[in-house]
Every structure is written in C-alpha cells, then in structure tokens.
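Take a look at the structure set out below.
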Protein chains: 2
Amino acid sequence: TLRRGKPTANARWGNAASVLVGDFLLSRAFQLVVSLGDLRLLEILSDATRTIAEGEVMQLSNCKNPDISEDTYLKTIEYKTAKLFETAAQTGGIAGNAPEHLETSLSSYGRHLGKAFQLIDDLLDYKGSSDELGKNIGDDLAEGKPTLPLIYTLQNGSRDDQQLIRSAIRQGGLENIKEITAALNRCGALDYTFEKARLATEKAIQSLEGLKASIYKDSLVKLAEASLERCY
Amino acid sequence: TLRRGKPTANARWGNAASVLVGDFLLSRAFQLVVSLGDLRLLEILSDATRTIAEGEVMQLSNCKNPDISEDTYLKTIEYKTAKLFETAAQTGGIAGNAPEHLETSLSSYGRHLGKAFQLIDDLLDYKGSSDELGKNIGDDLAEGKPTLPLIYTLQNGSRDDQQLIRSAIRQGGLENIKEITAALNRCGALDYTFEKARLATEKAIQSLEGLKASIYKDSLVKLAEASLERCY
C-alpha cells in the first residue's frame, strides 16, 4: 500500500488500472526505443525485461517455500533487480558512445549496485519504522516471501527459531513479527545481510576503476554509498 | 472466470501469477521478435502493443459511464481488438514477403475481422447460455461495461428502458439482466450490433480481393464467415 512514503498506484486506483497503465507505459517505452533504430539496444532491453519478468515469476513460485536455498534467492534478486540496474547503467553507456571496456564497467557497476539495493530492501523489511521507511514493515513476511534474513536464520538459528520461521514463511502473516525480528537479530541474520550488501557496494565502486575522474563518476560512487545508508 | 469453456488462468492460479506470467510471455515474445533483426516488424509490433494497451485503458476509463458515445466505443474496440487482428494478419504478410499492396489487403482484412469479432463478443454477452458460450453471460454488464447493445438502447430505447440501462451501467451487477436483455431485444439493439458485425465481415472478405485464389485465401474467408456464427 505504501512506496517511498506515498500510497501506491495500486492502493489508489486499484489493480486493473495499475496493471493496464503499467502495460501502456512499458509498451510506449518500447515504442520509443524502437524509434531509435538500434538493434543492439533493443536486444539488451528485451533480454532485460524477459529476465526481470522471469525473476518475478521465480519469486512468486518460491513464496511460502521455507526450503529455498541462498543460491536460489541470490539468483532471483539478480534476475528481478540487479538486471534492471545493470541494464540502466549499460544502456546509459551505450547512449553516451562509451567504448566496450567502459560499457562492461558500467554493467558491472549496475549489477552490483542492484544486488546491494535489493539486499538492503529485504533487510529494511525487518528494520526501522513504517514512517522512516515509507513502506510497510513486514510486507515480505506478510506474503511469506523468504528473503535472505529468513533464509540465513533457517540455516544458522536455534532449533526453536528455525521452527518459528519455517511456519511463518509457510503461513504468511505478521502474528509473530516481534519474535521473528528478535530471532533474526539473535543469530546475526541482519548483520549477515548488511555485510553482503556492503560487499556488493564495494564491488560496484571497484567496477568504476577504469572511468577517469569526473563529477559523474563521483555521483555514481556516492549513489552506491548511499544505497547502504538509505531509509527507504 | 471462464474463457472458451475452461477456467481462466486468473481463476485457476490467481491474479499475481497470471499477470507476472503474462509479463514474461510478452517480454519473451519481444525478445524473439528482436532476434529476427527486422526493425520495421518491431515498429509495427511495438505500435500495436502500445495501441492495444491504450485501448484497454480507454475501456477501463469508460467503465460505468453511460454517456459514452458509439464513436468512442468503436474507437475503443478498434484499439483493443481490431489492432491485434490487423497486426497478426499484416505481420503474417511481412513474414511471407508479400508485396506492399497485399500487405495492405491483409491489414485491412485483419482490422475488419477484429472489429466483427469484438462486436459479436459484445453481442454474445447478452445471448446464449453459459454452457454454449464457454464464458459467463452478462460479464460486461456485471462490470458496468458500456458495449454497443447498451449504447444503442440508450439512444433508441423507450424512456423506461433508457433509465433501466443507465442505472445498470452506473452500478454494475446482474440484478436486472432479464429485463435488460428484453429491452435490448425490444429496440433491436442486438440486431443492430449483429448487422454492424456482418458489414465488418463483408469488408474483411472484400479486402482479400487482390489475393489470388488458394486454399489459404479460402481459409481466411471461412474464418471471417465463422466469426459471425461462433458460439464462443
């Protein structure tokens, strides 16, 4: 119902309108890209939308599944989020006539930034207040979405905590959100997730090594740093 | 809940799965089209998806609106349905290396066929039984969707019938489906709609004049004829 502190389109105009207007925006965007007449760009963008859609389906099919592995989770966020950021950064490079090695640097930057962004997003679902975050706390848990903090606790928590989380994922809902947040903190799942995000951010910044110094490069670096500190 | 006599994907797997898998199929299809490397084909297909999405939004924004004109209705079905059939026929011609005048013939065939198809679809919502039709009777009325049979009666029915239909469109629901069907029959709205479909079918078949005789041409003609007689 909330995104970045504002009511979502879905909450405000309903499901049908949001989906159909979303379809319109996507198809209009493709029409604009086609008008550029660049087949390579079209290939990259159509691969990306296919991958993102596949990631969303992967995520949906693992909803309420407590047996998902960390690898499957990481593959899902690579598909549904990292690919979006990767493509945005890469096509920016293409639009600016970047040589191949810089295009690769930008792809890599976007991919790692997107991974960090999604890890932080999944972490924030168990941290902070709804006010700060601008979205609803526990949304993932409510849907039974097995994100990294939960998956880590299923591998490393006490037997009781594992049981608590298995049944929360299976059933969805927020009945035990307090106990679950405590369990995640207890076994270091939130620290583990943050550390993974920090490493991804580091890799994102390292990917930019080949770019010469400029205010644009500085901005990309700051954007990556900010992704670790964001509240929403 | 029913399409062509079978449960819809939405009824069977829910809204999220249907929408996301639909997104996947659309993006996968675009990926395949991009791989053909034909920019003109991409232009036609991206224009078509944009137009279809716009038609769906137009339809949604006129839901529960009894003041929609026949022209707006016809524009909506041209966008949301006729464009789909037009593009299918036209791109078939392109794939078969048809010369320009035949490509135009095929576009025109598809456009008129699609128009006829949608008119019959809107007519069938007030005719036949759920068994025959393979979809639910009165679906449009239930959503307050102002289709041609209703619009015609709003222009040509008795004052009482106009009142009945205005409030049915405004409120949605199937409470008065029997009285409404009777009103549509009384003022000839179903005959009027069928006649429009028949004329569109005739135009579709006329569009094929430039094609030399073949079993393929025969099939296109039979398809157009069958669109008038279909039960679902």
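Protein chains get the first letters and strands the later ones, always in sequence-line order, with residue 1 at the start of each.
- Of all the heavy atoms in B:L39 and A:L39, the pair that sits closest is CG-CG, 4.3 Å.
- Distance check: B:I52 CD1 to A:L20 CG gives 12.5 Å after rounding to the nearest 0.5 Å.
- With a 4.5 Å cut-off on non-hydrogen atoms, B:V21 touches chain A through its backbone and its side chain both.
- Both the backbone and the side chain of B:L42 come within contact range of chain A, judged by heavy atoms closer than 4.5 Å.
- Note on A:L60, A:L26, A:L45: by heavy-atom pairs under 4.5 Å with chain B, the leading option is A:L60.
- Listed by first and then second residue, the ring pair (Phe, Tyr, Trp, His ring centres under 6.0 Å) pairs involving residues 27-70 of chain B are A:F30-B:F30 (not counting sequence neighbours).
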All inter-chain donor-acceptor pairs under 3.5 Å (chain B, chain A):
| residue | atom | partner | partner atom | Å |
| --- | --- | --- | --- | --- |
| B:Q31 | OE1 | A:R50 | NE | 3.2 |
| B:Q31 | NE2 | A:D47 | OD1 | 2.7 |
| B:D47 | OD1 | A:Q31 | NE2 | 2.7 |
| B:R50 | NE | A:Q31 | OE1 | 3.2 |

